[in-house]
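What you are looking at is a predicted structure, and each value in this text was computed from that prediction instead of being measured. Both counts, for ligands and for their atoms, begin at 1 and track the order of listing. The first residue in the sequence is number 1, and the count goes up from there.
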Amino acid sequence: MQKSEIKYQKEIRVRMAPSPTGPLHIGTARTALFNYLFAKKFNGTFILRIEDTDKERSKPEWEKAIIDGLHWLGLDWDEGPIRQSERISIYQKYLEKLIADKNAYWCFCTPEEIEAQKQERLSRGKPPIFECQCEKKQRKDGKGTIRFKMPKTKVFFDDLVRGKISYDSSLFGDMIIAKNLEEPLYNFACVVDDFEMKISHVIRGEDHISNTPKQILLAKTLGFESPQFLHLPLILGQNKAKLSKRSGATTSIEDYKRQGYLPQALINFIALLGWNPGDNREVLSLAELEKEFSVEKIQKSGAIFNAQKLDWLNGGFIRKMNLNELTKICIPYLIEANLIQSGGVEVSTISPMVALYQERLKKLSEIPELIDFFFKNSLDFPKEILSWKGAGDSEVIVSLDKLANTLSNIEKADWTKEKLSEVLMPIANELGDRGKILWPLRAALSGKQASAGPFEIAEVLGKEKTLQRIEQAKEKLTP
Ligand code: GLU
């Protein structure tokens with residue numbers, strides 16, 4: 001199907017319209033990013049609108065979390081945040097007009113009456129919609145709603161990604177547009193705001209696609225020109241099914257931040273959820289995305305959420321970081337793990353440790369577990385870790401003795417990984433199997449089955465601690 005063309009003649013104005021009813025999720029962040037990129041591409045204006053008309057579910061702390069998350073991702077907006085809760089009189093004006101024009105009406109039917117009508121229609125093989133037919137002026141409990149008299153027609157629109165789409169509005173029923181004059185609902189407030197804010201393009205997730213014909217009909221009834229629509233593909237789990245907790249896609253941006261994902265990696269990852277640059281590049285910065293973004297490359301089919309790819313991208317951005325900067329953002333994780341105290345350690349003390357793992361770090365939260373051994377006075381580990389290829393305790397003690405003797409002769413001033421390698425490698429080679437001394441050394445220094453190399457660790461630990469750890473390892477093996 002032919003994709004529809006972007007109308008450029010109007011000033012480009014887009015919006016993201018989160019409801020502050022929960023944290024900032026991947027899907028909302030993607031909507032924000034695509035709106036942001038669209039605005040950048042066409043020199044447009046990006047507006048942040050907070051859709052907080054649901055008084056029970058909207059919370060200021062969620063609004064704050066969403067705003068903080070967007071700032072952290074680097075997605076800045078040009079206008080807003082504009083809160084719908086502060087615009088009630090505007091919606092009221094349009095509600096009154098709709099009612100006066102008989103395009104909307106008060107409905108006082110009870111949930112039971114509504115359900116009964118739907119069931120009755122179903123029993124006649126008709127779609128279970130509801131249209132209020134009673135003339136009630138009120139309900140016993142005083143509650144009512146305002147319904148839009150849904151015109152019965154075919155609705156067409158040209159989606160910028162999905163092409164021409166049509167709906168039959170006789171299947172919609174008379175939708176509720178407000179609980180009362182002070183409490184408008186999403187579809188209605190959205191239409192009013194898209195018009196009032198002169199939104200030229202509505203870019204949002206495909207989960208909203210069935211709202212679009214309803215919004216178009218409302219807009220038409222109110223005499224508004226509808227914006228152009230662009231629906232981003234659904235985000236699917238690895239198995240192409242609905243998202244699950246396990247896929248990670250339902251994790252909030254704040255949680256990703258807490259786990260030590262970098263905003264650059266998340267932006268890169270989110271951009272690829274339904275878009276690609278048209279070649280095989282996968283690593284793109286926000287600045288590159290701003291240059292490369294094009295609507296034509298947005299896909300129709302579902303975007304698969306691949307958590308491994310996010311790890312891979314994050315690892316790539318971590319590797320590219322300046323060591324000092326990386327160390328600075330690792331430090332809070334070390335404080336949280338109680339390895340260091342806030343303000344108690346210089347960046348320059350930690351950076352050589354971080355340097356050893358910069359290559360293999362996938363997320364910052366991994367750092368405490370990787371470098372914890374540097375901060376301990378004695379290491380707690382099973383003695384079997386010291387054994388190379390099943391060597392017995394006495395054999396390992398011989399290796400450790402040899403290491404202690406050799407290393408104690410190296411001057412403190414010469415204590416570098418190069419010097420250590422220069423001294424120890426000939427001995428290791430002589431033994432015919434380097435592991436015989438390199439493994440026990442590495443294991444004695446780290447207490448771990450896997451770690452950075454022995455010379456690198458020894459260099460960071462320094463002479464004294466290195467010899468002390470060799471001694472402690474020997475004690476473990478001595479009956
Ligand atoms: N408040 C809606 C949401 O959070 C906005 C949908 C739209 O962009 O129209 O999903």
Is there any ring pair (Phe, Tyr, Trp, His ring centres under 6.0 Å) pair reaching into residues 312-339, and which pairs are they, with sequence neighbours excluded?
none
Phe38 and His201 aromatic ring geometry - parallel, tilted or perpendicular at 30°/60° bounds
tilted
Where does the angle between the aromatic ring planes of Tyr167 and Phe157 fall among parallel (under 30°), tilted (30 to 60°) and perpendicular (over 60°)?
parallel
Could you walk me through whether Gln84 and Asp52 pass the side-chain hydrogen bond (donor to acceptor under 3.5 Å, both in side chains) test, one step at a time?
CA-CA 6 Å; Gln84 287 190 326; Asp52 59 350; over 6 Å; no
Using a strict cut-off of under 4.0 Å between a residue heavy atom and any atom of ligand 1, list the qualifying protein residues by chain and number.
Arg15, Ala17, Pro18, Ser19, Glu51, Tyr186, Cys190, Arg204, His208
Could you name each residue pair satisfying salt bridge (charged side-chain N to carboxylate O under 4.0 Å, His left out) that touches residues 104-113, not counting sequence neighbours?
Glu113-Lys136
Please collect all salt bridge (charged side-chain N to carboxylate O under 4.0 Å, His left out) contacts where either partner lies in residues 74-86, sequence neighbours excluded, each pair once.
Arg13-Glu79, Glu63-Arg83, Arg83-Glu86
